[in-house]
J.: 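Next up is a structure, given as structure tokens.
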2 protein chains.
Amino acid sequence: MSAEHAAPLAERLSWIAVDWGSSNLRAWALNDEDQVIAETSSPRGMLGLTPDEFEDALRDVIGDWLPAEDNGIEVLICGMAGARQGWVEAAYLPLADDSDVLAELGTRLTPVPTKDPRLQVQIVPGLCQQPDTAPTPQGFDVMRGEETQLAGLVARRPGFDGAVCLPGTHAKWARLKGGRISGFTTFMSGELFKLLSRDSVLRHSLNSEDLAGSLDDEAQQAAYLEGIDTALSDPGRLSAELFGIRARDLLDSRLPSGTARGAWLGARLSGLVLGLELSGATAHLATGSQVVLIGAESLCQRYRLALEHLGFAVAIEANADMILSGLGHIHQRDESDSTS
Amino acid sequence: MSAEHAAPLAERLSWIAVDWGSSNLRAWALNDEDQVIAETSSPRGMLGLTPDEFEDALRDVIGDWLPAEDNGIEVLICGMAGARQGWVEAAYLPLADDSDVLAELGTRLTPVPTKDPRLQVQIVPGLCQQPDTAPTPQGFDVMRGEETQLAGLVARRPGFDGAVCLPGTHAKWARLKGGRISGFTTFMSGELFKLLSRDSVLRHSLNSEDLAGSLDDEAQQAAYLEGIDTALSDPGRLSAELFGIRARDLLDSRLPSGTARGAWLGARLSGLVLGLELSGATAHLATGSQVVLIGAESLCQRYRLALEHLGFAVAIEANADMILSGLGHIHQRDESDSTS
């Protein structure tokens with residue numbers, strides 16, 4: 001990019017939004033109307049960095065956007081960069097009965113000292129839930145990154161009431177009432193599926209099928225939904241049903257052969273693991289109630305298939321939209337807070 | 001061992017029993033009264049061998065026992081050496097309504113050709129269960145090695161009625177009626193625990209605690225039994241309770257600190273995973289009924305603690321005793337069959 005093109009961007013740049021996860025980061029340049037004027041990404045996630053490497057990693061990614069001199073472009077970061085093992089720890093904000101933690105995120109930012117004077121970095125806190133203080137009795141739980149997406153959802157849908165699911169390695173299910181979060185639960189489904197499909201005895205029976213992949217045909221969809229129903233009807237038999245995938249591969253002559261066999265068994269495994277999650281997550285949801293999914297398109301479609309099969313009304317919101325809406329909302333709160 | 005000592009053993013040797021598993025093998029030399037006159041073991045399990053390496057691996061282990069010349073010492077092998085990827089495949093014997101498969105094992109041996117004329121090798125078949133033909137409706141399932149232990153149990157307790165559990169990487173639960181096996185179910189608990197404790201996000205919260213290890217103190221025992229109860233009371237929440245282990249490590253100030261913390265959380269994880277198994281495996285068992293455990297001592301003790309907590313009557317049999325009893329029984333059947 002030539003200097004002629006870079007200069008105007010630097011002039012229009014108002015602030016920078018960053019979603020810095022465990023395994024990658026995404027950054028957006030925004031003007032003073034919160035419109036995206038550039039975006040970029042990098043595979044340098046939190047897990048690969050020591051604390052003193054974050055600033056350089058960030059500048060490698062957004063350096064081209066920065067003006068030659070400035071006394072502080074706000075860089076607002078959500079995600080695992082704020083974990084204890086990250087750049088600087090942004091302490092978890094505890095859910096409590098008498099506070100609207102999603103609305104408070106912008107007033108609880110953790111400033112991060114930088115060598116480069118052009119950067120004014122702040123990190124959004126995660127949320128934690130403790131049985132003693134949570135609005136409704138819940139288990140111990142934490143989230144980091146998803147709180148920003150939930151704030152983004154509430155910014156788009158003020159006073160939102162209902163269940164929100166953020167699928168992924170550690171899927172989060174949050175309950176919102178009148179735009180406030182009243183509790184949340186994390187399910188290890190994504191990680192469980194990865195471990196079982198890549199590292200367990202089941203790997204011999206599967207293709208390199210991924211939980212996030214699309215279900216190619218009707219046979220796979222049926223295998224997936226059968227897995228969902230099996231897990232929901234008797235979740236206590238789950239670890240037997242898991243081994244049953246291996247046994248069916250060895251014995252079941254009615255299964256397709258070749259790659260279709262591995263795809264069928266992979267779809268069933270995905271259904272079993274996700275069915276276990278849905279057994280816990282939807283136990284107290286009335287049939288017909290709405291579930292908003294926030295996440296990657298193909299993974300959300302897989303959840304949608306199961307949730308609609310179970311009689312829920314599903315809406316999908318894109319990850320990046322909710323992050324930008326959330327960081328934009330937090331940025332405004334932070335601005336109004338610092339100018340008041 | 002000097003030749004003076006080896007010679008008498010070779011003279012007393014009648015046959016050789018071998019339990020050849022995925023990751024190791026154990027062998028016993030027996031006289032014509034089925035008494036053990038020598039035993040040995042090796043880490044050369046089935047997974048590390050190609051088919052043409054089995055004979056040499058066996059001779060490395062039992063070679064010292066063999067007479068200089070002989071026209072065939074019977075070597076009776078059970079376990080994974082008979083798998084498709086093993087030495088020679090010993091096809092699964094299907095459970096069926098009208099047959100006593102445990103009694104038939106000795107008449108369904110697979111002979112294995114050897115270069116060494118002193119060896120007369122035979123492999124015990126595994127068992128398989130298919131929903132269409134099983135005595136009671138069961139899922140697809142397979143076992144290989146455990147059938148010999150079950151035959152050993154029935155040889156010791158003729159007409160045995162009740163539940164038998166063989167803990168391990170893939171735990172087997174069998175139902176026996178009048179000494180016949182009527183069905184069985186495999187649970188992936190051991191493998192699930194290993195994957196979760198070594199390879200998942202939970203590894204950060206645990207010590208190198210192993211499912212087979214003993215529960216050192218009362219606090220660990222309590223954590224383990226709490227995990228059992230939690231999984232049994234709501235198995236559908238399992239993958240949430242798994243993540244809860246991580247969250248409690250981050251948040252729960254009432255937990256012990258230091259290595260006791262990891263041990264407590266490891267005991268809880270073990271309880272959750274085993275509780276899920278017990279939820280499925282004991283669903284149709286009347287409280288107070290007997291469960292016989294066959295396996296390694298410390299792992300059986302862990303199962304016993306949970307099963308007695310749930311009100312079952314537990315008896316433990318040692319692995320090697322049941323294998324020797326089973327192979328001895330099969331050896332007699334085979335002898336009487338070939339001399340009739």
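Within every chain, numbering begins at 1; the chains are lettered A, B, ... in the order of the sequence lines, protein sequences first and strands thereafter.
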J.: Looking only at heavy atoms and a cut-off of under 4.5 Å, which of A:A283, A:A247, A:G236, A:G280 has the most pairs with chain B?
T.: A:G236
J.: Checking the side chain of A:Q130 only, and the main-chain atoms of B:L251 only, is there a donor and an acceptor separated by less than 3.5 Å?
T.: yes
J.: Measure the CG-NZ distance between A:D199 and B:K194 for me, rounded to the nearest 0.5 Å.
T.: 9.0 Å
J.: I'd like to know which of A:S200, A:A231, A:G244 tops the heavy-atom pair count under 4.5 Å against chain B.
T.: A:S200
J.: Checking B:L192 against chain A: side chain, backbone, both or neither under 4.5 Å from a heavy atom?
T.: side chain
J.: Could you tell me which of A:L238, A:V201, A:L202, A:L250 has the largest number of non-hydrogen atom pairs under 4.5 Å with chain B?
T.: A:V201
J.: Where does B:T185 contact chain A at under 4.5 Å (heavy atoms): side chain, backbone, both or neither?
T.: side chain
J.: Do you know which of A:L195, A:T186, A:V142, A:L232 has the most heavy-atom pairs under 4.5 Å to chain B?
T.: A:T186
J.: Would you mind checking which part of B:L278 comes under 4.5 Å of any heavy atom in chain A, side chain (CB onward), backbone (N, CA, C, O), both or neither?
T.: neither
J.: Are any side-chain N or O atoms of A:E277 and backbone N or O atoms of B:S239, one a donor and one an acceptor, separated by less than 3.5 Å?
T.: no
J.: Please report the interatomic distance CZ(B:R246) to CZ(A:F140), rounded to the nearest 0.5 Å.
T.: 14.5 Å
J.: Of the backbone (N, CA, C, O) and the side chain (C-beta and beyond), which part of B:D234 lies under 4.5 Å from a heavy atom of chain A, both, or neither?
T.: neither
